[in-house]
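Naming convention: chains lettered A, B, ... in sequence-line order (proteins, then strands); numbering from 1 in each chain.
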Number of protein chains: 2
Amino acid sequence: MKRKNIRDVAREANVSISTVSHALNETRYVKEETKQKIKKIAKKLNYRPSAIAKGLRKKSINTVAIFVANIESQFFSKVTMGINKIANANNYHTIMVNTFYDEDEEEKIIESLRNQFIDGAIFVSGLNNVDCIKKLDEEKFPFVLVTRKINDRYPSILIDNMKAMEETIDYLANFGHRKIGYLTMDYQNRQTVTERFLGYKKGLKKNKLGYDSSIVLIGENKMIDEMKKGYILVRETFRNKEAPTAMIAATDNLAAGAYTAFKELDLKIPQDISIVGFDNLPMSRFLDPPLTTIKQPKEKLGSCAMEMLIKLIRSEEIRQNIQILDTAITERGSVTYPSK
Amino acid sequence: MKRKNIRDVAREANVSISTVSHALNETRYVKEETKQKIKKIAKKLNYRPSAIAKGLRKKSINTVAIFVANIESQFFSKVTMGINKIANANNYHTIMVNTFYDEDEEEKIIESLRNQFIDGAIFVSGLNNVDCIKKLDEEKFPFVLVTRKINDRYPSILIDNMKAMEETIDYLANFGHRKIGYLTMDYQNRQTVTERFLGYKKGLKKNKLGYDSSIVLIGENKMIDEMKKGYILVRETFRNKEAPTAMIAATDNLAAGAYTAFKELDLKIPQDISIVGFDNLPMSRFLDPPLTTIKQPKEKLGSCAMEMLIKLIRSEEIRQNIQILDTAITERGSVTYPSK
DNA sequence: CGTTTCGTAGAAAACGTTTCCTAGAAATCG
DNA sequence: CGATTTCTAGGAAACGTTTTCTACGAAACG
């Protein structure tokens with residue numbers, strides 16, 4: 001049983017193709033009687049207009065791509081949810097591309113998607129693959145960056161990582177902490193992580209605290225499992241060395257790993273060591289003790305991005321290219337006054 | 001600057017459209033010299049063949065849909081990763097549909113995607129929306145179910161939830177536990193959860209342990225946050241009632257919530273209460289103590305599904321419609337002998 | 001030297017829509 | 001009653017490919 005097309009409907013209804021199209025899409029007046037007849041027949045034949053043919057004519061199949069580095073991270077999945085909600089509401093489909101932090105892969109896929117197939121793209125965090133983005137811009141291909149800024153012109157939805165980190169140092173300093181360690185990864189190609197690190201340094205300076213490289217733990221890029229990385233780094237580093245009184249982790253996942261390590265080292269959280277995370281992942285509330293962490297509006301990041309992208313696609317004016325959403329420290333149980 | 005099409009290339013190269021097509025796709029012999037010239041010109045003009053036009057002609061744009069209930073869950077995201085890997089390797093794009101466990105929504109989207117736009121679909125877990133799937137089958141639309149079985153004929157990639165649960169009871173019984181509680185949710189429309197519950201009951205019977213409804217905690221469907229649900233259920237139930245010596249949670253997320261509650265109730269894990277989870281989510285290893293849990297091959301579920309789907313799309317023969325992958329108990333620190 | 005094969009490539013159909021252009025019949029107007 | 005407007009709707013172009021059909025000149029063959 002072959003798939004029916006618009007011609008089949010037209011024939012069966014004894015009208016022209018254009019009438020069928022207009023009747024079904026309500027794009028011009030068709031006599032009520034005829035319209036009903038056409039609709040009935042379309043239903044009877046189980047007619048489904050070909051989105052591809054329509055796309056060819058309309059030069060769009062209402063689809064955008066989402067580039068995420070690693071969908072497994074709950075940060076990315078939350079952002080994706082925000083994107084999808086707005087997309088659905090506006091009849092856009094989303095194609096998910098998981099780059100696994102691989103630049104070549106990313107570039108290859110961008111290339112392949114640019115075959116006039118996709119109306120726009122959202123890059124969530126991800127890499128510093130600037131060239132690729134530049135090319136897109138030159139071709140006036142609509143895109144939005146999330147949590148990633150290249151210049152003041154490219155549309156971006158951001159949070160202020162530096163400021164958030166600075167405030168975290170303020171926060172810890174207010175508790176009386178003077179030795180504040182840092183736990184991060186060496187993703188040279190990931191902006192957020194870099195910015196947070198800069199914020200840490202700036203915060204130290206602002207609070208007149210010296211930078212002490214011996215309590216700054218940086219994991220190499222190889223290992224993808226952040227929790228494990230945090231665990232190993234902390235365990236190895238503070239096995240024979242005194243730990244600071246507070247530790248900031250660049251992500252909640254790193255913090256979770258650190259929790260396990262500190263417990264193994266018989267350091268009580270928060271009595272012996274205060275910990276602050278970043279991201280406010282769902283599990284952070286259920287760590288023991290609940291993790292104090294920096295909350296960012298993950299879903300909002302996604303929805304704002306998609307809203308902006310739609311405007312770009314429709315060539316509507318956008319008020320501001322760069323939108324910065326608020327972060328906030330979520331106080332839970334992993335921070336207290338230093339014991340000494 | 002208008003987008004170039006194949007005609008532009010042909011004109012510039014002084015050859016016919018078909019020659020350009022053949023040269024670029026290597027679909028028939030074209031004189032080497034001509035071919036190089038065409039390729040050079042195509043590059044110069046920044047020509048990108050329209051995937052949509054190609055799709056119209058070829059009746060496919062190499063795209064499949066993934067239906068997941070909630071991408072935020074790391075189970076789903078892992079499965080998605082498995083799917084994407086195989087998809088990428090085979091030049092398929094994937095469209096992500098997040099149903100948020102909403103049947104109507106799901107159905108609506110399936111409808112809209114069936115516009116000859118999509119070559120097939122993978123349904124990951126999700127709902128018991130049988131009608132919809134049946135319709136797809138009747139229309140010979142290729143699909144694969146993951147972690148969800150409707151009948152012996154529909155292609156499915158499964159794990160044996162019942163068996164896994166039974167084995168878990170065996171495992172706990174071997175430790176000497178006689179009072180084994182259960183923590184689950186009342187998702188009537190979600191198969192996995194139902195099957196696990198059945199497995200629990202069957203395991204009890206097999207080990208000659210009575211079913212005691214007072215230690216079976218069932219959360220209502222409303223609250224989506226499983227961790228929170230686990231937390232509240234355990235806390236409320238065992239506030240004034242004696243807890244069992246062991247507790248099985250239908251998911252790691254529920255277990256994580258239970259951890260917090262038991263700690264609040266001053267029950268030590270595993271000394272006072274042994275806990276077993278299900279899913280082996282990344283965080284389970286970093287709970288305190290590390291959670292003993294049932295591992296399922298999440299990525300493998302996805303990759304097997306996509307491999308099967310590709311075969312279905314290509315109308316290749318598939319050896320078995322139903323594939324059952326192995327689960328295994330991952331022993332960590334949350335189970336020990338009962339203290340009394 | 002006529003016929004077949006080979007190397008090369010163009011013309012046009014087809015994919016299934018949307019939409020522009022055109023137009024007849026009926027109704028309204030002056 | 002002729003001119004204009006209003007309903008109603010058909011024909012065909014266009015979207016950008018792939019692919020089938022066709023063909024021409026040159027080389028090989030007998």
Side-chain angles (χ1 to χ4, degrees), chain A residues 1-39 41-42 45-63 91 93 112-119, chain B residues 1-39 41-42 45-63 91 93 112-119:
Chain A
M1 190 182 65
K2 231 191 92 227
R3 197 125 228 174
K4 304 297 182 187
N5 61 24
I6 199 170
R7 224 172 305 270
D8 299 318
V9 179
R11 195 179 310 123
E12 180 101 5
N14 248 318
V15 296
S16 74
I17 290 180
S18 41
T19 303
V20 175
S21 173
H22 288 302
L24 260 27
N25 297 315
E26 315 263 356
T27 46
R28 89 173 171 197
Y29 185 83
V30 174
K31 195 159 56 150
E32 194 55 33
E33 195 192 325
T34 323
K35 186 160 41 173
Q36 291 313 325
K37 189 167 107 189
I38 291 174
K39 285 188 175 173
I41 288 175
L45 296 184
N46 197 20
Y47 164 65
R48 294 170 190 293
S50 154
I52 299 182
K54 183 181 197 149
L56 178 58
R57 177 68 222 213
K58 294 220 169 184
K59 289 171 165 269
S60 155
I61 48 176
N62 279 340
T63 302
N91 270 314
H93 297 298
S112 92
L113 285 178
R114 286 244 300 305
N115 297 341
Q116 308 173 26
F117 174 174
I118 278 213
D119 300 330
Chain B
M1 191 182 63
K2 231 192 89 227
R3 197 125 227 175
K4 304 298 181 188
N5 62 23
I6 199 172
R7 223 173 304 270
D8 299 316
V9 179
R11 195 180 310 124
E12 180 101 5
N14 248 317
V15 296
S16 74
I17 289 181
S18 40
T19 303
V20 175
S21 173
H22 287 302
L24 260 27
N25 297 316
E26 315 263 355
T27 46
R28 91 173 170 197
Y29 186 84
V30 174
K31 193 155 62 143
E32 194 54 33
E33 195 193 324
T34 324
K35 190 171 17 181
Q36 290 314 324
K37 189 168 106 188
I38 290 173
K39 285 188 175 173
I41 288 176
L45 295 185
N46 197 20
Y47 165 64
R48 296 170 188 292
S50 154
I52 300 181
K54 183 181 198 151
L56 178 58
R57 179 66 223 217
K58 295 220 169 184
K59 288 172 167 268
S60 154
I61 48 176
N62 279 340
T63 303
N91 270 317
H93 296 298
S112 93
L113 285 178
R114 286 244 300 306
N115 297 339
Q116 306 174 27
F117 174 174
I118 278 212
D119 300 330

When we call it a touch if two heavy atoms are under 4.0 Å apart, what does B:I52 touch: a base, just sugar-phosphate, or nothing?
->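 Nothing, no heavy atom under 4.0 Å.
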
Mind checking B:S18 for me? I need base, sugar-phosphate or nothing, with any heavy atom below 4.0 Å counting as a touch.
->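 It contacts base atoms.
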
Take the protein atom [atom1] of [X] and the nucleotide atom [atom2] of [N], then report the distance between them rounded to whole Å.
X	N	atom1	atom2	value
A:Y47	C:dT18	OH	P	6 Å
B:K37	C:dT8	NZ	C1'	14 Å
B:R28	D:dT19	CZ	C1'	9 Å
B:I38	C:dA9	CD1	P	8 Å
A:F117	D:dG16	CZ	P	17 Å
A:L24	C:dT17	CG	P	10 Å
B:E26	D:dT19	CD	P	14 Å
B:I61	D:dT17	CD1	C1'	14 Å

Locate the shortest heavy-atom distance separating [X] from [Y]; write the atom from each residue and the value.
X	Y	answer
B:K4	B:Y47	O-CD1, 3.5 Å
A:D8	A:R3	OD2-O, 4.1 Å
B:I38	B:A23	CD1-CB, 3.7 Å
A:S60	A:D119	OG-OD2, 2.8 Å

Given [options], which nucleotide is nearest the side-chain atoms of [X]?
X	options	answer
B:S16	C:dG10, D:dA9, D:dT17	C:dG10
B:K54	C:dC20, C:dT18, D:dT18	D:dT18
A:I6	D:dT18, C:dT17, C:dG10	C:dT17
B:H22	D:dT19, D:dT17, C:dT19	D:dT19
B:K31	D:dT18, C:dG16, C:dT8	C:dT8

Between CD of B:E26 and CG of B:L24, what distance do you get to the nearest 0.5 Å?
->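 So the gap between those two atoms works out to 8.5 Å.
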
Tell me which of B:V20 and B:L56 sits closer to the 5' end of DNA chain C, going by the nucleotide each one is nearest to.
->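 Closer to the 5' end of DNA chain C: B:V20.
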
Polar side-chain contact B:R57-D:dT18 base: donor and acceptor under 3.5 Å = yes

Is there a donor and acceptor pair closer than 3.5 Å between the side chain of A:R7 and the base of D:dG11?
->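 Looking at the base of D:dG11, it does not pair with any donor or acceptor on the side chain of A:R7 (distance under 3.5 Å).
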
Below 4.0 angstrom from OP1 or OP2 of [N], is there any side-chain N or O of [X]?
X	N	result
B:Y29	C:dG7	no
B:T19	C:dG10	yes
B:T34	C:dT8	no
A:N25	C:dT18	yes
A:K59	D:dG16	yes
B:S50	D:dG16	no
A:S21	C:dT17	no

Is it the case that more than 12 heavy atoms not belonging to A:E32 sit under 6.0 Å from its CD atom?
-> yes

